[in-house]
Amino acid sequence: MTQHILIPKLEQVLGKQYVISDPRRNRRYRQGWRSGSGQAVAVLLPQDLLSFYRCLQVCVQERAIIIIQAANTGLTEGSTPSGADYDRPVVVINTLAMNALYLLNHGEQVLSFPGTTLFKLEQHLKPLQRAPHSVIGSSCLGASVVGGIANNSGGALIKRGPAYTEMALFAQVNEQGELVLVNHLGIDLGDTPEAMLDNLMQGRFQQDGLTHSALCSDQEYEQRVRAVDEDSPSRYNADPRRLFEASGCAGKLAVFAVRLDTFAMSQQEQCFYIGTNDMAVLQTLRRDILQTFKHLPEVGEYLHKDMFDIAAVYGKDTFLSVQLLGTDRLPRLFALKSRVDSWCKRLPFIADNASDRLMQWLSRPFKQHLPARMLAFRAKYDHHLILKMSDAGIAEASAYLQAFFQQHAGDYFACSSEEGSKATLHRFAAAGAAMRYHSLHQQQLGELLSLDIALPRNAQDWFETLPSDISQHIDKALYYGHFFCHVFHQDYILKKGSDAKYIKQKMLTLLAQRQAKYPAEHNVGHLYAAEPNLREFYQKLDPTNTFNPGIGQSDKHRRQCACQR
């Protein structure tokens, strides 16, 4: 299959303006948000579900590789091509234009198209006093609802677990090499692919009074996270409990729509800010709350002091952007940043990190943005925990914390509304702060290694101690994460000249000894090797290896199936 045959067929389906074959113009779709890039003969921008399906038909007929992406905000290179060693032409399909959603059963559920963002869903649910699975972090960056499902995204909300549904509409390539459309939405849309997709686009289907026998969220998670004596993690990407068709598919299916539960919003919330120098104190607190509280926290976010410091300086612009512009403008800001970065890479006399340097410079004149009580805790304590309770859980936590810190080392304070908002924003800004620090100092530093791990629920030594043969190579080790779920993000900025592959392998060996699972919520992408059960799941979904080949460090070549010609 040569490019000059494939591209005209795709242009006939979409129109030339929606087929980008110029490598300079489609670069930003072929490069990951944090790392990774590869070649593609074209990037497609279908504007509706039917043209999306017809693009798939052309690609499958001509035996092209299909990589599907939405906002391309993934951290493990899973939504872009990886390198140039594919055995067939690669086509990237960006789904962001297909961003409709329907509220089902008066907002108790939602039906989301492939490009619908978490932010848009959050805005549609607010008037109904409902919320989506995740409302922190990635919703502000423009991540898609379907992307969260496909990657088992976890998020910060303790009660909800990984993004999950058993009800979806998707296309897959079967063992005979045929493209088939599968409707497991539990909604009658018609009998042919064309009828199903047209009815879906036009809203011609029952939207209220729907019943369902399959799960549209992880309804078992509260019980699971409370089981603090179990020797397995509460959630991780390869967990076979939560691999089902679209859920965890990592792009091995073309997902057209998912049906999901929504959640009642709290009437009242209260943040408590906790500090201690003893990791055992936080572990005791975690076990007490999960075992004895009637009401689970909404959020329990951890920051180590070094991450606090990095975020205070190198996450300041993100913090201020949300505070001054609001979350509704932030997706546009990050999209503009992505375009600027893409333009800069075409110009040899402008540094690749020009937008980072500009945003960092613009944040400097602003006064101290963090509350005085938070800064005082930073001066005193190594370990920081943001605990958010809601409704009846507020009084429960207040009484517990008052008694707890009469007997344990450390302290807490009940945040004002402003302090709670700023503490949450500071934690959000931490997610990109290590990248910013590394970007601005990369001439003096080695590589940035980011690990996303899930510890067993019964792990006591949750804060790692690195041996000297590893620590001597590290400039900064930055720790933060979802404390009650025992899911941690660990960013290591290496010293210049250090062997990143060697150090990463040493770290993974240590994690295996601790019975940790990785990745926990960002999926394997092209950075991690998929576990055997996850690899089998991918192969069952995509027997011909048409969609996103190479994911989980698997083979990129077409598989020998009944369709082989």
Say whether, by atom type as modelled, one donor and one acceptor occur between the side chain of [X] and the main chain of [Y] under 3.5 angstrom.
X    : Y    : answer
T276 : A409 : yes
Q109 : L104 : no
H486 : I453 : no
T424 : G420 : yes
N105 : L210 : yes
S321 : D317 : yes
N152 : R242 : yes
H482 : H489 : no
R160 : P132 : yes
E166 : S213 : no

Just wondering, more than 12 heavy atoms not from [X] lying within 6.0 Å of its [atom1]?
X    : atom1 : value
K380 : NZ    : no
D461 : CG    : no
Q129 : CD    : yes
Q368 : CD    : yes

V255 and A246: which non-hydrogen atoms are nearest, and at how many Å? CG2-CB, 3.9 Å

Tell me the closest heavy-atom pair linking S266 and S390, and the distance in Å. OG-CB, 3.2 Å

Any chance you could lay out the ring pair (Phe, Tyr, Trp, His ring centres under 6.0 Å) test for F377 and F413, step after step, and finish with the verdict? CA-CA 10 Å; F377 265 49; F413 62 87; 5.1 Å; yes

Got a sec, which residues hit salt bridge (charged side-chain N to carboxylate O under 4.0 Å, His left out) with [X], two or more places apart in sequence or on another chain?
X    : value
R457 : none
K120 : none
R373 : E419
E531 : K517

Just so I know, are the side chains of [X] and [Y] near enough to count as touching, which here means a heavy-atom distance under 4.5 Å?
X    : Y    : answer
T284 : H408 : yes
Y164 : V258 : no
L510 : I470 : yes
L96  : N72  : no
D452 : T76  : no
F404 : L285 : yes
S217 : L260 : no
V313 : Y437 : no

The test is side chain to side chain contact (heavy atoms under 4.5 Å, CB included); show your working for M507 and Y492 and say whether it passes. CA-CA 10 Å; M507 288 178 173; Y492 305 94; 3.5 Å; yes

Can you tell me if Q268 and D391 form a side-chain donor-acceptor pair at under 3.5 Å? no

Going by atom types alone, do S35 and E77 pair a side-chain donor with an acceptor below 3.5 Å? yes

With H304 as partner, the option from F488, F463, Y381, Y480 fulfilling ring pair (Phe, Tyr, Trp, His ring centres under 6.0 Å) is F463

Return the set of residues passing side chain to side chain contact (heavy atoms under 4.5 Å, CB included) with [X] (not counting sequence neighbours), or none when no residue passes.
X    : value
S450 : R34, L448, D491
S439 : N353, D356, Q442
T262 : V110, L125, R130
D231 : N458

Please list all pairs passing the salt bridge (charged side-chain N to carboxylate O under 4.0 Å, His left out) test where one or both residues lie in residues 293-306, with sequence neighbours left out. K159-E298, E301-R427, K305-D382

Determine, step by step, whether V299 and L157 satisfy the side chain to side chain contact (heavy atoms under 4.5 Å, CB included) criterion, reporting the C-alpha distance in whole Å, the side-chain angles of both residues, the deciding distance to 0.1 Å, and the verdict. CA-CA 5 Å; V299 170; L157 300 178; 3.6 Å; yes

Between Y273 and H384, is the ring centroid distance below 6.0 Å? yes

Ring centres of H426 and F308 under 6.0 Å apart? yes

Before giving the answer on ring pair (Phe, Tyr, Trp, His ring centres under 6.0 Å), spell out for F483 and H383 the whole-Å C-alpha distance, their side-chain angles and the decisive distance to 0.1 Å. CA-CA 11 Å; F483 187 65; H383 304 289; 9.2 Å; no

I would like to know whether L494 and L449 meet side chain to side chain contact (heavy atoms under 4.5 Å, CB included); could you show each step before the answer? CA-CA 8 Å; L494 304 184; L449 296 181; 4.0 Å; yes

Applying side chain to side chain donor-acceptor pair (under 3.5 Å), can you list everything that pairs with [X], at least two apart in sequence or on another chain?
X    : result
R235 : Y221, E521
D288 : Y400
N99  : none

Between D218 and R241, does any side-chain N to carboxylate O distance fall below 4.0 Å? yes

May I ask you to say whether R287 pairs ionically with D229, meaning some side-chain N is under 4.0 Å from a carboxylate O? yes

